[in-house]
Amino acid sequence: MRDPVLLVVAHGSRDPRHAATVHALVRRVRSLRPGLRVETGFLDFNVPSVQAVLESLAAEGVRDVVALPLLLTRAFHAKADIPAVLRDAPPRLRIRQAEVLGPSPLLLSALERRLSEAGLTPADRSSTGVVLASAGSTDPEAIAVIADIAREWWHTGWCAVRPAFASASLPRTEDAVRELRELGCSTVAVAPYVLAPGFLPDRIARGAAGADVLAEVLGPAPEVARVLLERYDAARAPRLAAVGA
């Protein structure tokens with residue numbers, strides 16, 4: 001029996017760097033699991049749309065799809081937008097919506113990778129304050145998740161870790177940078193907890209002007225690709241259990 005198709009559902013952006021980064025991440029997922037069919041659909045701005053991909057799959061005779069939100073927190077898009085699009089899919093498709101990517105220890109590892117690539121070493125850890133800078137949300141659940149990640153990350157030995165948000169919530173990146181300076185951290189680093197470049201990541205970068213280190217977005221980090229496959233496997237597990245029953 002064929003594995004379900006993995007449909008990566010990305011938000012989309014007018015910024016061409018966004019789609020390019022999403023496609024690079026999907027290529028890495030394919031390289032980690034050869035033979036798995038992975039498609040990409042966008043909610044807005046970019047093509048193909050999620051609906052167009054679903055219609056094309058149905059026309060080919062595909063029956064099973066795992067739709068995976070390319071999101072780090074479970075906010076409005078995961079709770080409303082994506083389920084609405086999936087409800088309009090061709091009825092012949094059996095679609096499971098996977099969980100969002102975060103939180104995950106692998107994403108913390110990806111953040112560590114990006115900070116290391118930006119020049120930080122293990123010796124810098126205890127004297128470095130980190131701003132965990134996310135896009136932001138009006139959803140209290142999403143904001144609470146970012147705060148929990150910051151607390152968890154601080155316990156791994158950083159001088160301090162503070163959450164910050166590019167929109168909808170406070171504090172802003174520049175405020176968190178200033179707080180870490182006042183706290184006495186000798187080095188301040190900003191770690192964008194975002195998947196791809198775009199308007200809000202650019203705002204994070206501007207807010208990091210007073211920091212010593214600005215890491216890259218998570219992008220196609222291998223740890224991110226592994227999270228995608230973990231979420232895919234978890235979503236298809238009930239089907240596999242039913243087949244074996």
Original post:
Do Leu170 and Arg172 have side chains that get closer than 4.5 Å, going by heavy atoms?
Top reply: yes

Subject >> side chain to side chain contact (heavy atoms under 4.5 Å, CB included) assessment of Leu228 paired with Val38 >> reply: CA-CA 11 Å; Leu228 263 72; Val38 188; over 6 Å; no

Subject >> Under 3.5 Å side-chain donor-acceptor pair for Arg125 and Thr156 >> reply: yes

Subject >> Reported CG-to-CZ distance for the pair Leu107 and Arg226, which is rounded to 0.5 angstrom >> reply: 10.5 Å

Original post:
Within a strict 4.5 Å, meaning less than it, do heavy atoms of the Cys159 and Thr128 side chains meet?
Top reply: no

**OP:** Decide, yes or no, whether a salt bridge links Glu60 with Arg37 under the criterion of side-chain N to carboxylate O below 4.0 Å.
**Re:** yes

**OP:** If you link ILVMFWY side chains whenever their heavy atoms are less than 4.5 Å apart, which other residues fall into the same cluster as Leu54? By chain and number, please.
**Re:** Val5, Leu7, Val9, Leu43, Val50, Val53, Leu57, Val62, Val65, Leu71, Ile82, Val85, Leu86, Leu93, Ile95, Val100

**OP:** Using a strict 4.0 Å threshold on nitrogen-to-oxygen distance, state whether Asp3 and Arg33 make a salt bridge.
**Re:** no

Original post:
In this structure, are over 12 heavy atoms from other groups packed under 6.0 Å from Glu99 atom CD?
Top reply: no

Original post:
Is there a side-chain contact between Ser104 and Arg231 (heavy atoms, below 4.5 Å)?
Top reply: yes

Original post:
Hey, is Arg162 close enough to Glu179 for a salt bridge, meaning N to O under 4.0 Å?
Top reply: yes

Subject >> Nonpolar side-chain network containing Leu200, other nodes, edges under 4.5 Å >> reply: Phe199

Return a table of donor-acceptor pairs under 3.5 angstrom between the side chains of residues 190-198 and protein atoms on other chains or two or more places apart.
none

Subject >> Heavy-atom pair of closest approach, residues Arg92 and Gly61 >> reply: NH2-O, 3.6 Å

Subject >> Short N-O contact, Asp212 and Arg181, less than 4.0 angstrom >> reply: yes

Original post:
Does the pair Asp139/Lys79 count as a salt bridge with the N-to-O cut at 4.0 Å?
Top reply: yes

Original post:
With ring centroids as reference points, do His77 and Phe42 lie under 6.0 angstrom apart?
Top reply: no

